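This report concerns only the one structure given below.
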Protein chains: 2
Amino acid sequence: MTELEQYIQSYFGVSSDNLMQISELFHEEEIKKGDYFLHTGKYCNKLSFIKNGMLRIYVTTAEKEVTQWISTKGFFVTDLSSLVFEQPARWTIQALANTELYTIQKSDYQKIGQLIPQWHALEKLFIAKCFTMLEDRIFSHLSMSAEERYQFFFAQQPELFNQVPLQYLASMLGMTPETFSRIRNKNRI
Amino acid sequence: MTELEQYIQSYFGVSSDNLMQISELFHEEEIKKGDYFLHTGKYCNKLSFIKNGMLRIYVTTAEKEVTQWISTKGFFVTDLSSLVFEQPARWTIQALANTELYTIQKSDYQKIGQLIPQWHALEKLFIAKCFTMLEDRIFSHLSMSAEERYQFFFAQQPELFNQVPLQYLASMLGMTPETFSRIRNKNRI
DNA sequence: AGTATGGCTTGATATAAATCAAGAAATCAA
DNA sequence: TTGATTTCTTGATTTATATCAAGCCATACT
C-alpha cells in the first residue's frame, strides 16, 4: 500500500479494492518554498495531501496578515468553500518549505462519487470530523488565555514548534509574536 | 409545502418528491423553557429543526460556563460529534424559551441515505457550509477586537440581541458580560 | 570574512478587557 | 402588587496582552 493509500484509508476507511481506484486519480506535485498553492480570490480546483513539507493558510487584511492554519505531512489542504461551492477562495496558501503533494483535480475528485457509491458518506464523516476540530478551536478562544491556548496547541502538535516561523504560530493562535515569544520562553524547561 | 419541508428544501435542495419522504421521518416535539435537549456526556441520538423558540449550546468547565452557540428558528440543532461518531456529547443544550422542534431520531436519520441516494452528497454540502461558518468565527477571534466581534455578529443576527440574555451572547462572543454591556451601550443610537 | 536581512527576544509603556463591587432594572413567584 | 431573584449597568481597579522600540542572533549574500 502506498503512503497516499494509507492516508486515504486512515481518513476515510475505504475498502482496499477501492483504494487503488481513488489513489490513481491523484498525481504528485511539488511546490518550492515560497511558492503559492492558491491565492485569495482565485478558484480552488484541487485538493491535496501533503507528502512532506508545510503549507501556510492565511489571508491578508487591511491591517495585518492572519494565519488561519499550518498544514503539515499527512494533512489535507484545499479551500473547502471554493472547491465545494465554487466561490472565490478565501485563503492564500503558500509553501513554508519545499513541499511534495499528492493532488487530485476537482474534475477527478467529483468522479470519485460515481466510482465508489459510499464515497459521499465517508466524505461527510471526514468533514464532520474537521467541523468538530474547529469547534474545539473556537472553544479555545472562548475559554482560554493566550498561554492556555499555547499549551493546548503545543500538546496537540509539538513538532510544529521547531519547524515553523513563530510569528505564524502566534497569528494562528490569536496573539502577537512578542506575546508568543514570552510565553514560549516561560514554558521552556 | 410544510414549514419543515421548506427548511429541508432550503438547506439541502432535495427534489420535491423526496421532501415528503424525509419530512415524514420527523415528529414534532416541545421543550419547555429551562428544560434540556441534551446533557454533556450523554449520547445524542437526534437531530432537530427549531420551529420556534431558542436553544443555548454550552459547556460547563471548572471555572465557568461557556456558551458555544445560540440556535433560533430555522436552525438545526444536534451534537454533531455525538450523533455522527457515537461519542459522548460535548455540549449541553437547553431551551432559553418554550421551544417547538421538528425532530428526527438517529435510526430514522440513518435511513434517509437509503431512501434518497444523493442524500449523503447533500448532507456533505450542508456540513461543509457549517464548516465555513466556523472558519469565519475563528477568523473573527484571530483578527478582531471584542467590539469588532460584537459588530460583526450583530450585523449577522440583529434579532438575537433583543431576545437572548446578554450574558450568553457575551460568552458566545468571547467576552465578559460587563464588556458586552459597555460595547452595547456605546453602539446604541 | 563582512555585511545585510529577516526573525526572535527583551524591556518599557499603553491599552483593551477582566475583575471586583455596588446599585438599578427587569423578571419571576406568591 | 409586592418582595425576591436574577440580570444588567456603571465605576474603580487590576491584569493580560498589544504596541513601540532597540538590540541580538541567525542565515543568506557578495
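Remember, it's a predicted structure, so these values are computed and weren't measured experimentally. Chain letters run A, B, ... following the sequence lines, proteins first and then strands; every chain starts at 1.
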Please state how far atom [atom1] in [X] lies from atom [atom2] in [N], giving the value in whole angstrom units.
X	N	atom1	atom2	answer
B:Met144	C:dA17	CE	C1'	18 Å
B:Lys33	C:dT27	NZ	C1'	8 Å
A:Phe180	D:dT19	CZ	C1'	19 Å
B:Asn187	D:dT9	CG	P	13 Å
B:Leu166	D:dT9	CG	C1'	10 Å
A:Glu178	C:dG11	CD	P	14 Å
B:Leu96	D:dT6	CG	P	16 Å
A:Asn162	C:dC8	CG	C1'	15 Å

Taking C-beta and beyond as the side chain, do A:Lys42 and A:Tyr36 meet within less than 4.5 Å on heavy atoms?
no
Short side-chain to backbone donor-acceptor contact, A:Ser82 and A:Gln87, under 3.5 Å
yes
So, the side chain of A:Arg56 versus the backbone of A:Gln94: is there a donor-acceptor pair under 3.5 Å, distance only?
no
Look at all strands and tell whether B:Lys64 reaches a base, only sugar-phosphate, or nothing, counting heavy atoms closer than 4.0 Å.
nothing
Can you get from B:Leu142 to A:Met133 by hopping between Ile, Leu, Val, Met, Phe, Trp and Tyr side chains that sit under 4.5 Å apart?
no
Of the listed nucleotides (C:dC28, C:dA18, D:dT10), which one gets closest to any side-chain atom of B:Asn185?
D:dT10
The side chain of A:Gln167 lies closest to which of these nucleotides: D:dT7, C:dG7, D:dT9?
C:dG7
Is [X] near enough to [N] that one of its side-chain N or O atoms lies under 4.0 angstrom from OP1 or OP2?
X	N	value
B:Arg184	D:dC8	no
A:Thr176	D:dT17	no
A:Thr179	D:dT17	no

Could you go step by step and tell me if B:Tyr102 and B:Tyr7 meet the ring pair (Phe, Tyr, Trp, His ring centres under 6.0 Å) rule?
CA-CA 11 Å; B:Tyr102 298 111; B:Tyr7 287 141; 7.0 Å; no
Donor-acceptor pair under 3.5 Å: do we get one between B:Arg182's side chain and the base of C:dT19?
yes
Look through every strand shown and name the nucleotide pairing with C:dA30 as Watson-Crick or G-U wobble, where both distances are under 3.5 Å.
D:dT1
